[in-house]
Number of protein chains: 2
Amino acid sequence: MSNVTSRRGRSAEGRAEVRRDLVTAAVDLFTARGYDDTTVDDIAAAAGVGRRTFFRYFKGKEDAVSPDHELGLARIAEVFATAHPTEPLLSVVLRAGETVFDLYLSDPGTARKRFALVHEVPALRDREAAMVHRYRRLFTKELAARLADVEDGDLRAAVTGAAVVAAHNQALRRWLADGGTAGGTEACRAHFRKVAGMLPLEQAPDLEQVARRLERAARSLERRTS
Amino acid sequence: MSNVTSRRGRSAEGRAEVRRDLVTAAVDLFTARGYDDTTVDDIAAAAGVGRRTFFRYFKGKEDAVSPDHELGLARIAEVFATAHPTEPLLSVVLRAGETVFDLYLSDPGTARKRFALVHEVPALRDREAAMVHRYRRLFTKELAARLADVEDGDLRAAVTGAAVVAAHNQALRRWLADGGTAGGTEACRAHFRKVAGMLPLEQAPDLEQVARRLERAARSLERRTS
DNA sequence: TGTTATGTGGCACGGAGTGCCGTTAGAGTG
DNA sequence: CACTCTAACGGCACTCCGTGCCACATAACA
């Protein structure tokens, strides 16, 4: 049975194999000949499938180099959904952010190749920006639902969501720029966690209480000196 | 002289007129018949120009409904470039953010139409996300240059840039959702300015420690006076 | 050994975006 | 007024993306 004929009536493993072949072919061709000079026919031919099959695995040419963002979004939603009600919101946000790291850190090699491509090809940059936008929206939505009773909860949710995603991407870019070694993943995570001190999740210190303590101290002093 | 023939050898005013006609035709057709069911030929025909001319005014079909983001980016860069060195960074950031409001608030009617379209058509949503990404990148770049000597300056810059853009967009969306009345622009600006208290630009003063020091000073004074 | 379900490739089509070129209005010059 | 030059326009042809349709092959199943 030849390789081509074995690809008819494919099983689940066969489908995953075709998808991997298409991603590999796309990344290699984009890197070697450039994104614009690579047609979908080229990718499909390099992967040994028909052009029509490419569009059954990917919504478009740009998606052939994207990691599985749907999975990342689903994991974030799961962290928020399964979090214990008493867990501080800051802790939940950090756990959700760190969950996404695994999608990149699990395969540093292709992550590096994708990073180089995405930062070179405008079409892929815009695609990535759209995906970041979806991550940010998800964080903001989940946070807004939990900050409904806080003053300016919507604004806090929007700012926090954007900040978390920005910190995540910054840590990831820094890790990839440093070579994306498997040993640097913990430093990457630590760098991301520093965002915890920059989020407007907790109320500012209660200045009213501070003022009362000062007033009490002043009154005490007043009594003594009079 | 017919309208069509008068459009040959156009002057600067003629070019601006054609651009306006194309934007109007695009917005109207997208709203009436949907984005996907409107071809570039339809837009060009409705504006009374040839299809080829459309692509001389816009890079692509999606750009026909976009405001002039290049101008907005240029204004932000100008605010940062011309800011006095002694002006607090927070003030510069807020001024830069408010500058962009004018681009939308100057024409509330088309802003509302665009808002409805952008939030309905996936292609336009992604386009907008890419533009937001560019705004965020610009803020982050300018901030990083001014936070080079601060601890975790890169992270602070990334978080602050993302937060400012998010707050800006949130205020804008809120204003548009409320009808986009001309009178609500000041409330929109005020809402945006609330982000000032949520940015990790300055170290937050540890008020708890301040209170303890004051209490200690008071007690010390108390002992002296007794 | 049929039968059905599923994945596949080929074909054709509409639309986006681009390069090229002839045409034409308007501006400048004598 | 006559001429030239410049710049914008329209049309044509082309490549490629993405999709609907259909015939076909394979695997699982009865």
Side-chain angles (χ1 to χ4, degrees), chain A residues 1-23 25-26 29-30 33-66 117 121-127 130, chain B residues 1-23 25-26 29-30 33-66 117 121-127 130:
Chain A
M1 198 189 301
S2 75
N3 193 15
V4 171
T5 53
S6 75
R7 277 183 169 159
R8 304 278 180 155
R10 192 179 307 278
S11 61
E13 305 81 44
R15 284 188 61 82
E17 179 192 350
V18 172
R19 189 184 173 89
R20 276 200 313 273
D21 291 348
L22 283 170
V23 170
L29 285 173
F30 289 165
R33 302 188 354 209
Y35 179 80
D36 290 328
D37 292 337
T38 303
T39 68
V40 175
D41 294 84
D42 298 334
I43 302 169
V49 297
R51 161 191 161 77
R52 193 64 185 81
T53 297
F54 175 89
F55 289 104
R56 289 196 176 93
Y57 283 89
F58 302 101
K59 190 175 154 256
K61 185 181 172 185
E62 301 161 351
D63 290 348
V65 292
S66 294
L117 275 175
V121 181
L124 298 180
R125 264 209 310 268
D126 290 351
R127 178 85 188 152
Chain B
M1 197 190 300
S2 75
N3 192 14
V4 170
T5 52
S6 75
R7 276 183 170 156
R8 302 278 179 156
R10 194 179 306 279
S11 60
E13 305 81 43
R15 283 187 62 81
E17 179 192 350
V18 171
R19 190 184 171 88
R20 274 202 315 272
D21 290 348
L22 282 170
V23 170
L29 286 173
F30 289 166
R33 299 183 1 205
Y35 180 81
D36 291 327
D37 291 338
T38 302
T39 69
V40 175
D41 294 83
D42 297 334
I43 303 170
V49 298
R51 162 191 161 77
R52 194 66 185 79
T53 299
F54 175 89
F55 289 105
R56 288 195 177 96
Y57 284 88
F58 301 101
K59 189 176 155 249
K61 185 181 170 185
E62 302 160 351
D63 291 347
V65 292
S66 293
L117 275 175
V121 181
L124 298 179
R125 264 208 310 268
D126 290 353
R127 177 86 189 151

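These numbers come from the heavy atoms of this one structure, side chains and all, not from hydrogens, waters or symmetry mates. Within every chain, numbering begins at 1; the chains are lettered A, B, ... in the order of the sequence lines, protein sequences first and strands thereafter.
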**OP:** Show the numbers, then the answer: is there a side chain to side chain contact (heavy atoms under 4.5 Å, CB included) between Phe54(B) and Asp41(B)?
**Re:** CA-CA 9 Å; Phe54(B) 175 89; Asp41(B) 294 83; over 6 Å; no
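- In this structure Thr53(B) satisfies the side chain to side chain contact (heavy atoms under 4.5 Å, CB included) test together with Val49(B), Arg56(B), Tyr57(B), sequence neighbours excluded.
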Subject >> side chain to side chain contact (heavy atoms under 4.5 Å, CB included) between Asp126(A) and Asp126(B), worked out >> reply: CA-CA 8 Å; Asp126(A) 290 351; Asp126(B) 290 353; over 6 Å; no
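- Partners of Tyr35(B) under the ring pair (Phe, Tyr, Trp, His ring centres under 6.0 Å) rule, at least two apart in sequence or in another chain, are Phe30(B).
- Among all heavy-atom pairs drawn from Arg127(B) and Ser66(B), the shortest one is CG-OG, 4.2 Å.
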Grab the N/O contacts between the protein and nucleotides 14-21 of chain D below 3.5 Å, and write none if there aren't any.
residue	atom	partner	partner atom	Å
dC17(D)	OP1	Val40(A)	N	3.3
dC17(D)	OP1	Lys61(A)	NZ	3.3
dC17(D)	OP2	Val40(A)	N	3.3
dG18(D)	OP2	Lys61(A)	N	2.8
dG18(D)	N7	Arg51(A)	NH2	2.2
dG18(D)	O6	Arg51(A)	NH2	3.2
dG20(D)	N7	Arg52(A)	NH2	3.0
dG20(D)	O6	Arg52(A)	NE	2.8

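- Atoms CG (Asp42(B)) and P (dG14(C)) sit 14 Å apart, rounded to a whole Å.
- Asp21(B) places its CG atom 12 Å from the P atom of dC9(D), with the value rounded to the nearest Å.
- Computed from coordinates, the Arg19(B) CZ to dA8(D) C1' distance equals 16 Å when rounded to whole Å.
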Subject >> Working for side chain to side chain contact (heavy atoms under 4.5 Å, CB included), residues Asp42(B) and Arg33(B) >> reply: CA-CA 11 Å; Asp42(B) 297 334; Arg33(B) 299 183 1 205; 2.7 Å; yes
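- Taking only side-chain nitrogens and oxygens, Tyr57(A) comes nearer than 4.0 Å to OP1 or OP2 of dT8(C).
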